[in-house]
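Below: the structure, in structure tokens.
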Amino acid sequence: MIKPDAVAAGNAGAILQQIEGTGFEIVALKMIRLSAEQAAQFYDIHTGKPFYDFLVNFMSSGKIIAAVLKKNNAVQDFRTLIGNTNPAKAEEGTIRKLYASSMELNAIHGSDSDENALIEANFFFSNFERY
Ligand code: CMP
């Protein structure tokens, strides 16, 4: 998911180009604005954490781009591509190093396991929207 900060800054196209250029195939793609309830549901696993309310508020503050990506070893390779959650600790050339401004406004989200990737893909897309 490309987050509201990156979409608002006009970085979505460059980020998608970097994703495709690193060997990921886009299987599904859409731009939407999440309601606060939808953002809360998506990040349910973080309920109760100190950053949760800010996260829900931020993630419903503007348009996001959701995508399902396909590649061998996709989860791990995508996490390498996007870099550390905190852009100050992210490797040079990673998406968060290039486009994130803080741990909270960090440009992009990637699933942390195959299991969660399926749950998150199902959150955004029906079977008719995947190719
Ligand atoms: P994301 O990959 O979308 O998963 C959960 C998000 O919560 C994370 O990126 C950050 O934007 C945010 N987050 C995680 N840990 C912290 C933290 N310690 N402080 C603030 N925000 C955090």
Side-chain angles (χ1 to χ4, degrees):
M1 175 167 36
I2 303 175
K3 296 190 178 186
D5 56 330
V7 176
N11 292 324
I15 290 172
L16 288 171
Q17 189 170 28
Q18 190 169 354
I19 289 169
E20 285 194 309
T22 327
F24 291 87
E25 180 188 335
I26 297 174
V27 171
L29 187 71
K30 70 168 67 159
M31 184 168 74
I32 54 169
R33 181 168 179 169
L34 293 170
S35 66
E37 291 73 24
Q38 288 169 323
Q41 187 188 343
F42 184 87
Y43 281 114
D44 187 47
I45 195 169
H46 295 299
T47 303
K49 295 193 182 154
F51 56 84
Y52 180 71
D53 288 350
F54 184 96
L55 181 63
V56 168
N57 198 35
F58 164 58
M59 290 304 299
S60 55
S61 69
K63 295 174 290 187
I64 61 99
I65 292 177
V68 178
L69 304 172
K70 183 175 171 183
K71 186 180 185 296
N72 284 336
N73 203 34
V75 166
Q76 196 178 322
D77 285 0
F78 193 70
R79 292 177 77 75
T80 301
L81 175 64
I82 69 179
N84 194 286
T85 309
N86 182 350
K89 295 182 184 166
E91 297 280 331
E92 290 296 328
T94 60
I95 291 172
R96 283 174 171 154
K97 185 71 174 184
L98 288 166
Y99 302 111
S101 44
S102 66
M103 179 107 98
E104 291 83 6
L105 311 182
N106 68 349
I108 194 158
H109 165 82
S111 305
D112 63 5
S113 65
D114 286 349
E115 186 190 11
N116 281 336
L118 189 58
I119 292 168
E120 293 177 357
N122 289 338
F123 179 88
F124 285 112
F125 299 99
S126 74
N127 282 336
F128 298 107
E129 295 172 304
R130 302 178 207 196
Y131 299 93

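These figures come from a predicted structure and were not determined experimentally.
Cluster partners of F42, using a side-chain heavy-atom cutoff of under 4.5 Å among ILVMFWY residues and allowing indirect links, are M1, V27, I32, L34, Y43, F51, Y52, F54, L55, V56, F58, M59, I64, V68, L105, F123, F124, F125.
Note: L29 CG to I19 CD1 = 9.0 Å, rounded to the nearest 0.5 Å. Separating the CD1 atom in I26 from the CD atom in E20 is a distance of 4.0 Å, to the nearest 0.5 Å. Atom CG of N11 and atom CD1 of I2 lie 9.0 Å apart (nearest 0.5 Å). One finds the CD1 atom of I65 at 9.5 Å from the CD1 atom of I108 (value rounded to the nearest 0.5 Å). To the nearest 0.5 Å, atom OG of residue S113 and atom CD of residue E120 are 8.0 Å apart.
Judged as a side chain to side chain donor-acceptor pair (under 3.5 Å), not a single pair has a partner in residues 89-101 (not counting sequence neighbours). Sorted by first and then second residue, the salt bridge (charged side-chain N to carboxylate O under 4.0 Å, His left out) pairs with a member in residues 31-57 form an empty list; sequence neighbours excluded. Residue pairs that meet the ring pair (Phe, Tyr, Trp, His ring centres under 6.0 Å) test with at least one member in residues 11-41, sequence neighbours left out, are F24-F78.
Counting non-hydrogen atoms of other residues, nucleotides and ligands closer than 6.0 Å to CD of E129 gives a total above 12. Around atom CG of N72, no more than 12 heavy atoms belonging to other residues, nucleotides or ligands sit under 6.0 Å away.
Closest non-hydrogen pair, A117 versus S111, comes out as CA-OG, 3.4 Å. Scanning all heavy atoms of the two residues, the minimum distance from A6 to A107 falls at CB-O, 3.6 Å. Scanning all heavy atoms of the two residues, the minimum distance from T85 to N106 falls at O-ND2, 3.4 Å. Nearest heavy-atom pair, R79 versus G110, reported as atom, atom and distance to 0.1 Å: NH1-O, 3.3 Å.
Contacts of N86 classified as side chain to side chain donor-acceptor pair (under 3.5 Å), with partners at least two apart in sequence or in another chain: none. Listed by chain and number, the residues in a side-chain contact (heavy atoms from CB on, under 4.5 Å) with L98 are Q18 (sequence neighbours excluded).
When hydrophobic clusters are built by joining Ile, Leu, Val, Met, Phe, Trp and Tyr residues whose side-chain heavy atoms come closer than 4.5 Å, directly or via intermediates, I15 is grouped together with M31. If you chain together hydrophobic residues whose side chains sit under 4.5 Å apart, L69 and L16 fall into the same group.
The backbone N or O of S35 sits less than 3.5 Å from a side-chain atom of Q38, completing a donor-acceptor pair.
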